[in-house]
Amino acid sequence: MADHFFTFSIITLSLFVVASSGGLESELVADLLTLQAESKSGVIHLDDRTVSKFLTSPRTPRPYSFLIFFDAANFHDKPELRLRELRREFEIVASSFITNHNSSNTKLFFGDIEFRESQSSFQLFGVNSLPHVRLVGPTAKSLKDDSDVMDQGDFSRLAESMAEFVQYRTKLTVGPIHRPPALSKMQLGLITALLLLCLPLVAKRIFAGETLLHDPKIWLSGAVFVYFFSVSGAMHNIIRKMPMFLVDRNNPNKLVFFYQGSGMQLGAEGFAVGFLYTFVGLLLAFVTHVLVYVKDATAKRLAMLFTLLVSFWAVKKVILLDNWKTGYGIHGFWPSSWN
């Protein structure tokens with residue numbers, strides 16, 4: 001009889017603990033939904049107290065994951081970190097996720113932590129450089145060792161990269177990214193009104209042949225710009241939303257303009273190579289269209305020698321950079337009869 005009573009007590013206590021745990025989890029989710037609804041973008045502002053309440057104190061597995069953006073307001077004036085831009089993109093991902101799931105998904109929440117307010121939390125996560133985005137899964141016990149860090153190289157595509165990171169780590173789909181329109185309806189209306197007012201004046205100058213489009217120098221400058229735009233990889237930078245440079249992981253005060261590896265190209269290195277190509281092209285255009293009219297033979301020879309040396313130097317720099325970046329080498333071959 002005593003054994004049966006003891007067994008019944010254990011079962012009752014276990015059910016009570018499970019029910020209490022379930023009630024606590026439901027209460028936490030309800031609190032998170034309330035904080036999410038109070039935020040304009042859906043990003044929950046966390047501090048040391050709320051990190052303890054929602055992440056470290058609850059037992060694992062927690063009924064939710066947390067994607068956290070680590071911020072530092074005193075570093076917003078450093079353009080190389082791009083914290084303001086990345087923070088806006090993070091908010092776009094959060095609002096898009098909430099909108100696409102009709103505010104009913106309780107499996108993933110978005111939060112941000114500010115350094116000056118929550119230095120203990122930064123230490124708890126082991127964050128020592130910015131920008132930094134980390135996903136805390138339901139089973140993560142150690143916030144530093146068990147959570148997933150988004151690679152800094154993945155920030156290049158901004159909100160789209162963050163959405164892919166969420167989908168890969170949590171198997172949850174963010175859905176379409178909803179960006180705010182670049183211009184409001186009022187701004188579009190004002191621009192349309194100004195265009196209509198200027199239309200008669202523009203038409204008059206077009207018929208009189210007095211516009212910039214009638215100036216050959218404009219077409220020449222446009223041709224040079226299109227050439228530079230083509231050879232510098234600018235379209236790749238726009239499509240991929242590549243940054244001009246990155247912050248060195250080992251030294252946050254150092255900037256990386258050239259990324260070693262064939263899988264990624266920064267904007268600065270594309271522009272550097274594009275400048276070399278454009279400069280060589282302009283030199284060749286000078287030789288074929290201007291130098292031929294110079295009558296002084298000595299001046300012609302000196303200009304040709306300068307063009308050859310500079311062109312050789314520029315092409316050599318491009319080949320060396322390609323070899324350093326990809327590991328592929330380009331070798332010259334002498335005619336077999338010269339051996």
Side-chain angles (χ1 to χ4, degrees), residues 78-82 85-86 129-132 149-158 160-161 164 220-292 294 298-339:
K78 293 189 175 183
E80 65 272 13
L81 296 180
R82 304 165 64 207
E85 179 186 11
L86 292 174
S129 65
L130 295 175
H132 194 99
V149 181
M150 184 174 175
D151 191 273
Q152 289 196 3
D154 294 336
F155 289 123
S156 57
R157 294 178 55 235
L158 305 175
E160 286 73 14
S161 295
E164 291 177 359
L220 176 60
S221 301
V224 173
F225 172 77
V226 170
Y227 179 79
F228 175 80
F229 188 87
S230 301
V231 299
S232 65
M235 183 59 68
H236 168 270
N237 298 337
I238 294 174
I239 294 175
R240 296 285 185 176
K241 297 183 179 179
M242 302 301 295
M244 290 296 294
F245 48 81
L246 295 175
V247 179
D248 195 331
R249 297 180 186 177
N250 300 322
N251 184 6
N253 296 321
K254 182 181 177 181
L255 300 180
V256 176
F257 293 95
F258 293 87
Y259 184 87
Q260 189 173 14
S262 58
M264 179 179 177
Q265 174 181 299
L266 298 176
E269 59 185 285
F271 286 158
V273 174
F275 171 77
L276 293 175
Y277 279 133
T278 304
F279 190 62
V280 171
L282 290 175
L283 285 177
L284 294 177
F286 171 77
V287 169
T288 56
H289 290 78
V290 178
L291 192 60
V292 292
V294 177
T298 303
K300 281 186 177 182
R301 293 189 182 98
L302 291 176
M304 285 294 299
L305 181 61
F306 174 79
T307 301
L308 289 173
L309 291 176
V310 172
S311 299
F312 179 80
W313 171 84
V315 174
K316 183 179 179 181
K317 285 292 183 183
V318 173
I319 293 175
L320 290 176
L321 177 61
D322 180 73
N323 177 258
W324 171 82
K325 184 174 180 63
T326 64
Y328 296 109
I330 300 177
H331 305 283
F333 295 91
W334 299 111
S336 57
S337 61
W338 291 13
N339 295 330

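Model, not experiment: these values are computed from the prediction.
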Scan for salt bridge (Lys or Arg N to Asp or Glu O under 4.0 Å) pairs involving residues 269-287, sequence neighbours excluded, and state none if there are none.
-> Glu269-Lys325
Listed by chain and number, what are the side chain to side chain contact (heavy atoms under 4.5 Å, CB included) partners of [X], not counting sequence neighbours?
{"X": "Ala272", "answer": "Phe258"}
{"X": "Phe271", "answer": "Phe228, Ser232, Ala234, Asn237, Met244"}
{"X": "Leu282", "answer": "Val224, Thr278"}

For Leu246 and Pro243, work out which heavy atoms get closest and say how close.
-> CD2-CG, 3.8 Å
Between Lys300 and Val292 the two heavy atoms that sit nearest each other are NZ-O, 3.8 Å
Pick from Val290, Thr288, Leu284: which one makes a side chain to side chain contact (heavy atoms under 4.5 Å, CB included) with Phe286?
-> Val290
Counting only heavy atoms not in Phe229, do more than 12 sit closer than 6.0 Å to its CZ atom?
-> yes
Show every donor-acceptor pair shorter than 3.5 Å between a side-chain atom in residues 308-322 and any protein atom, with sequence neighbours excluded, or say none if there are none.
unit_1	atom_1	unit_2	atom_2	d
Ser311	OG	Thr307	O	2.7

Partners of Tyr277 by ring pair (Phe, Tyr, Trp, His ring centres under 6.0 Å), sequence neighbours excluded?
-> none
Listed partners of Asp151 passing side-chain hydrogen bond (donor to acceptor under 3.5 Å, both in side chains), at least two apart = Arg249
Given side chain to side chain contact (heavy atoms under 4.5 Å, CB included), test Val247 with Leu255 step by step and report yes or no.
-> CA-CA 5 Å; Val247 179; Leu255 300 180; 4.2 Å; yes
